[in-house]
Amino acid sequence: CLELYDQNQIADCFSCQRVKVSEHVETQYGNMHCIMTGTRKANRPVILTFHDIGLNHKSCFETLFNHMDMQEITRQLPVCHVEAPGQHVGAKTLPNAYTYPSMDQLSEALPAVLSHFGIHSVIGLGVGAGAYILARFALNHPDLVDGLVLININPNSEGLMHTVANKTTCVMFHEIQTNHDLIATYRHHISVTMNQSNVSQFFRSYNNRNTLEVERPVPGGNINVRTLKCATLLVVGDNSPAVEVVVDCNAKLNPTNTTLLKMADCGGLPQVDQPAKVIEALKYFIQGMGYSKLLLISLLFVASMTRLRSRTTSSSSFLSFDGSRSRSHTNELQHGQTHSDEKRGRTRHNTDVSMESISNSNVDQIISKSTEVAC
């Protein structure tokens, strides 16, 4: 691997060191197709993803996880992609005798997945229906969830869309004006590569979901209210049709461990449309959970690889853009390290900051405040 110097080859170098396993995991509610990438390590969580309706792990998360910046995270934290029954590529039509699981049942199928792979804790990353499932899972199994990143979550029982076609149009409506290729690609994927019968069953299950029973704790009030106990990052594009329901969800969660990220000039697919910004927020989110040392190690590896490439292509010193960027991020992580091991119990205050200010401000301030971010 150290003989690979080209930027694209370095990306391949990252990939070749990661173990990838694709399996159908049997649960009490049907088989879940799962893709496990990376090597599990003691005392480190696994990033657990769950896709939205009409998508699968590839179409929902490929752009995000193939981004070069994401390697700084995935080199240290393995990833488990979970696909709902019948939603994977090449899926056969589910039998007539099969009753598609409810959203609650899909969340209760996840412990079997974690047990199968020997996973003891996760950082959940979900979109739409997947975000709802992971939030439900965290409510029922708080000991298994270290953190949640929820994109376009709707905690209410009444769905925003009434047909799969309307959902496709609604989620991507605000992408059309600026990204015709993106909307065409995803329309083709949903209509051609997905099993329409299975997608319809997944949609009906989502449309019949129950409201997430969460309540914002009040100072001096009942300390046993039902709420998400882990660090939570809510993400939504400011042009997304899901803005109102995501803001509503934020209002119901504990402000001491919840951050709302609104992404400017972005519609219903922030992880596809603006993956770099989502990754930037994810890095600070993970650091705030107490894993800054892991990211620091990965950043140093990136810097060393870039240095190696720089020495090979020229005799100049390590002054490339990539190197400067890596050192800058490393300094930020080191600066915030004194508070990085505090994973829970921070008292935060609501503030409004931009993504630009996140990148340049004191990291301690970022991880110690409940933030509403507009980027």
Side-chain angles (χ1 to χ4, degrees), residues 25-34 48-57 59-61 80-88 91 94 98-114 122-142 144-145 148-164 166-168 170-171 190 194-215 226-230 232 234-236 240-242 244-246 248-250 252-253 268:
V25 179
E26 184 177 352
T27 77
Q28 59 182 321
Y29 300 112
N31 289 340
M32 310 276 278
H33 184 239
C34 304
L48 182 72
T49 77
F50 212 118
H51 58 87
D52 199 2
I53 298 170
L55 307 176
N56 50 45
H57 90 279
S59 55
C60 194
F61 296 109
C80 181
H81 298 290
V82 179
E83 295 176 320
Q87 308 304 307
H88 57 280
L94 295 168
Y98 177 70
T99 301
Y100 206 86
S102 66
M103 292 290 104
D104 294 357
Q105 290 173 331
L106 286 173
S107 70
E108 287 304 308
L110 293 179
V113 172
L114 270 57
V122 301
I123 297 174
L125 172 58
V127 180
Y132 177 94
I133 291 168
L134 290 177
R136 174 71 68 180
F137 172 61
L139 284 172
N140 294 334
H141 303 276
L144 295 176
V145 183
L148 287 174
V149 180
L150 307 175
I151 301 174
N152 298 335
I153 185 172
N154 184 350
N156 304 317
S157 59
E158 187 175 2
L160 288 174
M161 306 83 175
H162 302 290
T163 65
V164 174
N166 284 343
K167 177 177 176 57
T168 303
C170 193
V171 167
I190 295 172
M194 297 293 291
N195 186 305
Q196 295 299 295
S197 174
N198 297 350
V199 170
S200 296
Q201 292 191 59
F202 186 27
F203 171 75
R204 282 195 294 270
S205 176
Y206 177 68
N207 206 40
N208 292 326
R209 68 193 180 278
N210 298 316
T211 298
L212 285 178
E213 297 175 356
V214 292
E215 182 180 349
R226 184 171 170 82
T227 188
L228 292 174
K229 297 180 180 180
C230 61
T232 303
L234 306 180
V235 182
V236 66
S240 169
E244 291 185 7
V245 292
V246 173
D248 176 63
C249 182
N250 180 63
K252 296 177 180 178
L253 297 179

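No hydrogens, no waters, no symmetry mates; every other heavy atom, side chains included, goes into these values.
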### Task
Output yes when a side-chain donor or acceptor of Ser197 lies under 3.5 Å from a complementary backbone atom of Asn195, and no otherwise.
no

### Task
Identify which one of Leu134, Leu144, Leu114 satisfies the side-chain contact (heavy atoms from CB on, under 4.5 Å) criterion when paired with Val122.
Leu114

### Task
Would you mind listing every side chain to side chain donor-acceptor pair (under 3.5 Å) that reaches into residues 122-132, with sequence neighbours excluded?
Tyr132-Arg136

### Task
Look only at the side chain of Ser107 and the backbone of Ile133, and say whether a donor-acceptor pair between them is shorter than 3.5 Å.
no

### Message
For a quick test of reading the model, state the closest non-hydrogen atom pair linking Gly30 to Thr27 and the distance between them.
### Response
O-OG1, 2.6 Å

### Query
In Å and rounded to the nearest 0.5 Å, what is the CG to CG distance from Asn250 to Leu150?
11.0 Å

### Query
Parallel, tilted or perpendicular for His33 and His88, by the 30°/60° rule?
tilted

### Task
Report yes if some heavy atom in the side chain of Phe202 is under 4.5 Å from a heavy atom in the side chain of Met103; otherwise report no.
yes

### Message
Suppose we screen for side chain to side chain donor-acceptor pair (under 3.5 Å). Which residues come up paired with Tyr29, at least two apart in sequence or across chains?
### Response
none

### Residue list, ring pair (Phe, Tyr, Trp, His ring centres under 6.0 Å) with His57, at least two apart or on another chain
His81

### Task
To the nearest 0.5 Å, tell me how far Leu212 CG sits from Leu253 CG.
9.0 Å

### Query
Mind checking whether Tyr98 and Tyr100 have parallel, tilted or perpendicular rings, split at 30° and 60°?
perpendicular

### Message
Could you measure the distance from the CZ atom of Arg209 to the CG atom of Asp104? Nearest 0.5 Å is fine.
### Response
11.5 Å

### Query
Do side-chain atoms of Asn154 reach the backbone of Val245 as a donor and acceptor pair under 3.5 angstrom?
no

### Summary
Interatomic distance, CD1@Ile53 vs CE@Met194, rounded to 0.5 Å, equals 10.5 Å

### Task
Give, for atom OG1 of Thr99 and atom CD of Gln105, the distance between the pair rounded to the nearest 0.5 Å.
9.0 Å

### Message
Test your reading of the model: is there a side-chain donor-acceptor pair from Asn56 to the backbone of His51, 3.5 Å cut-off?
### Response
no

### Query
So His141 and Glu108, side chain to side chain contact (heavy atoms under 4.5 Å, CB included) or not? Walk me through it.
CA-CA 9 Å; His141 303 276; Glu108 287 304 308; 3.1 Å; yes

